[in-house]
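Just follow the structure's listing: the first ligand is 1, and inside any ligand the first atom is 1.
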Amino acid sequence: MRTTLKTIDYAVLQQCMHCGMCLPTCPTYDATGRERNSPRGRISLMRAIADGDLEVTTTFADEMSYCLGCLACQTACPAGVNYAVLFETARSDIQAANVDTSAKRRFWRALTLRFLFMRPSALHAAGRLLRLYQATGLEALARRTGLTRLLPPDLRRLEPQAPAVAARFSAALVAAHERPAGPVRARVALLTGCIQDLVFPDINRDTADVLLANGCEVDTPRDQPCCGSLHAHNGEIDMARTLARRLIDLIPPESYDAIVSNAGGCGSHLRHYGSLLADDPAYAVRARLWDQKLRDIQEWLVDLGCRQPAAAPFDAPTSVTYHESCHLVHGQKISRQPRTLLRLLPGVTLSELPESSWCCGSAGIYTLTQPDQAEKLLKRKVGHIATTGAEIVATANPGCHLQIARGLNDAAAGVRVMHPVSLLAAAYRRETTTCAAASRPGSSSSPPP
Ligand code: SF4
Ligand code: SF4
């Protein structure tokens, strides 16, 4: 059964007491100062629809498209309003009412949600094509000769933003089953993600290495489907359910101590399969078990008692700042753990980033559907990063990673973006070489503490 604003538990809608505590935390309200662009305004619109006083219209669709779904309002709300549920239900109603008349939005939705992210093989094929275009020099040639000017305006704007696709995907870097050198403390399944798999498969390798270094036996099942996060976030709830069932079939939750995600946006959705499949008698029980086993990598490492690396990740002392992915901090309430891990790293100083939990503008496909607002948020984020003087921005979501890296590159800031587990993995890898060098006769380096 499809949940709609008219059938949703009315208590969820009634919870908003119009106090306005969420307003200063909302990036779209901050941008316009208009009530309708605020969480409180949007909830009022949803309630009017539930009460039958308002139809689901194109204006409502525009309003909900402008909302980032960043959930900062949910963290700020003293009444515990579940904005995530309201947001997904509203977007689902918009889809069902077929009122989104923007041709651009419809095109991107069809290409991404209905086609590429429903078929891992199509996504991989598209990734390989893009890689071919980038690695053979065609991309550089097209830019040099001005061929890209022939593209439609939207594609012309997006072309330089296309992420660099990796030469090899996760299945080529991480074996289906890997065992730690020492005693096994836990058995985990590693989720490789979609964008993470195409663009940052090295982060999946780093995640596996960090898990192995902490005594975890790691299974990385092949041909993993998309988790459905983008679909749920954009109102395609039935597709999200289909993908959840496929993932549960591929990775039985009863077989693992934990199912580990290293992408904040995916993890936030992945840990709610129980409610997504609550009305499916064939999957409801396993979906609830899945939720119990689903862990963000940073949360899992801290709970397990992450081993402090005996070496620094780099030769020289390094300053790192941390950007919080919205769906990690607001969706999963994971904020302390990444900082705990970063503070474990020898030779690394953590400087706090102003507005670390303010959205960077990535927000799923927001850069495609709301490019102007996405760009403003990115510039704000890059400006804050510059004030920290950090050499590295750590962040744990591929969307944020790509968005911030592009902003830093455009600003020629000379700052790198890395996942916190990549910093840990670099430190563990250097343990062997650093310790070996220290123990060589005549070496002046002291062993790390
Ligand atoms: S999800 Fe983000 S953009 Fe949307 S209403 Fe809440 S704070 Fe504002
Ligand atoms: S903080 Fe919560 S209760 Fe207050 S206006 Fe915002 S959503 Fe409503």
Side-chain angles (χ1 to χ4, degrees), residues 5 8-51 56 59-94 100 105 229-230 232-235 264-265 267-269 272 323-335 355-381 397 399-400 403:
L5 288 170
I8 200 172
D9 178 0
Y10 199 70
V12 181
L13 276 164
Q14 266 184 324
Q15 243 171 334
C16 177
M17 52 190 187
H18 314 289
C19 66
M21 298 281 282
C22 53
L23 302 190
T25 69
C26 173
T28 55
Y29 180 73
D30 180 77
T32 67
R34 290 193 306 192
E35 179 70 12
R36 60 174 277 187
N37 303 138
S38 77
R40 186 173 61 186
R42 290 178 180 127
I43 293 168
S44 295
L45 291 175
M46 292 181 215
R47 192 161 165 181
I49 290 169
D51 290 342
V56 176
T59 314
F60 182 65
D62 286 343
E63 188 48 59
M64 291 313 296
S65 165
Y66 188 47
C67 173
L68 291 143
C70 67
L71 307 184
C73 48
Q74 192 165 288
T75 297
C77 178
V81 167
N82 191 338
Y83 189 81
V85 166
L86 294 174
F87 173 80
E88 287 186 0
T89 310
R91 284 204 168 174
S92 170
D93 273 9
I94 291 161
D100 190 348
R105 284 206 293 263
S229 144
L230 278 177
H233 207 60
N234 287 283
S268 177
H269 172 71
H272 293 113
H323 159 75
E324 316 206 43
S325 134
C326 296
H327 282 238
L328 197 60
V329 59
H330 302 306
Q332 301 186 63
K333 308 296 179 217
I334 292 172
S335 179
E355 292 187 353
S356 63
S357 60
W358 194 264
C359 183
C360 65
S362 169
I365 55 173
Y366 200 80
T367 47
L368 303 175
T369 56
Q370 300 284 345
D372 296 340
Q373 176 64 5
E375 207 55 30
K376 282 183 198 150
L377 289 167
L378 177 58
K379 287 212 162 70
R380 180 171 177 149
K381 183 63 65 180
N397 185 52
C400 306
Q403 171 88 336

Verify, without hydrogens or angle tests, whether [X] (side chain) and [Y] (backbone) share a donor-acceptor contact under 3.5 angstrom.
| X | Y | value |
| --- | --- | --- |
| Asn37 | Thr28 | no |
| Ser38 | Leu23 | no |
| Asp93 | Leu5 | yes |
| Arg36 | Glu63 | no |
| Gln332 | Gly264 | yes |
| His269 | Gly265 | no |
| Lys381 | Glu355 | yes |
| Glu324 | Ser335 | no |
| Tyr366 | Ser65 | no |

Enumerated ligand 1 atoms positioned under 4.0 Å from heavy atoms of [X]:
| X | answer |
| --- | --- |
| Arg42 | 3 (S), 4 (Fe), 5 (S), 8 (Fe) |
| Pro39 | 5 (S) |
| Thr28 | 3 (S), 8 (Fe) |
| Gly69 | 1 (S), 4 (Fe) |

Which atoms from ligand 2 have a heavy atom of [X] less than 4.0 Å away?
| X | value |
| --- | --- |
| His18 | 5 (S), 8 (Fe) |
| Arg40 | 5 (S) |
| Pro78 | 1 (S) |
| Cys19 | 1 (S), 3 (S), 4 (Fe), 5 (S) |
| Gly20 | 4 (Fe), 5 (S) |

Presence of N, O or S from Cys73 under 2.8 Å of atom 2 (Fe) of ligand 1:
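No - counting backbone and side chain alike, Cys73 has no N, O or S atom under 2.8 Å.
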
Of the backbone and side-chain N, O or S atoms of Cys26, does one lie nearer to atom 8 (Fe) of ligand 1 than 2.8 Å?
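Checking Cys26: at least one N, O or S atom is under 2.8 Å.
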
Does the residue Gly80 have a heavy-atom contact with ligand 2, meaning some pair of atoms that are separated by less than 4.0 Å?
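Judged by the 4.0 Å heavy-atom criterion, Gly80 does not count as contacting ligand 2.
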
Does Ala76 come within less than 4.0 Å of ligand 2, judged by its heavy atoms?
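False for this residue.
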
Nearest protein heavy atom with distance in Å, relative to [atom]:
| atom | value |
| --- | --- |
| atom 7 (S) of ligand 2 | Ile43 CD1, 3.7 Å |
| atom 3 (S) of ligand 1 | Leu68 N, 3.4 Å |
| atom 6 (Fe) of ligand 2 | Cys22 SG, 2.3 Å |
| atom 2 (Fe) of ligand 1 | Cys70 SG, 2.3 Å |
| atom 4 (Fe) of ligand 1 | Cys67 SG, 2.3 Å |

First locate atom CE of Met64, then atom CZ of Arg91, and finally report the distance between them rounded to the nearest 0.5 Å.
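Going from the CE atom of Met64 to the CZ atom of Arg91 covers 6.5 Å.
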
Roughly how far, to the nearest 0.5 Å, is the CD1 atom of Ile43 from the SG atom of Cys73?
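Answer rounded to 0.5 Å: 6.5 Å.
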
Atom 6 (Fe) of ligand 2 reached by Cys16 (N, O or S, under 2.8 Å)
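No - counting backbone and side chain alike, Cys16 has no N, O or S atom under 2.8 Å.
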
Give the minimum heavy-atom separation between Arg40 and Cys22, together with the two atoms involved.
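Nearest pair, atom of Arg40 first, then Cys22: N-SG, 4.3 Å.
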
For ligand 1, which part of Tyr83 has a heavy atom less than 4.0 Å away: the side chain, the backbone, both, or neither?
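The side chain, only.
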
Counting only heavy atoms, which portion of Leu23 has something under 4.0 Å from ligand 2: side chain, backbone, both, or neither?
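No part of Leu23 comes within reach of ligand 2.
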
May I ask you to identify, for Met17, whether its side chain, its backbone, both or neither come under 4.0 Å of ligand 2 on a heavy-atom basis?
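Near ligand 2, Met17 shows its backbone as well as its side chain.
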
Using the ring of each side chain (for Trp, its six-membered ring), is His327 parallel, tilted or perpendicular to His233, with breaks at 30° and 60°?
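His327 and His233: perpendicular rings.
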
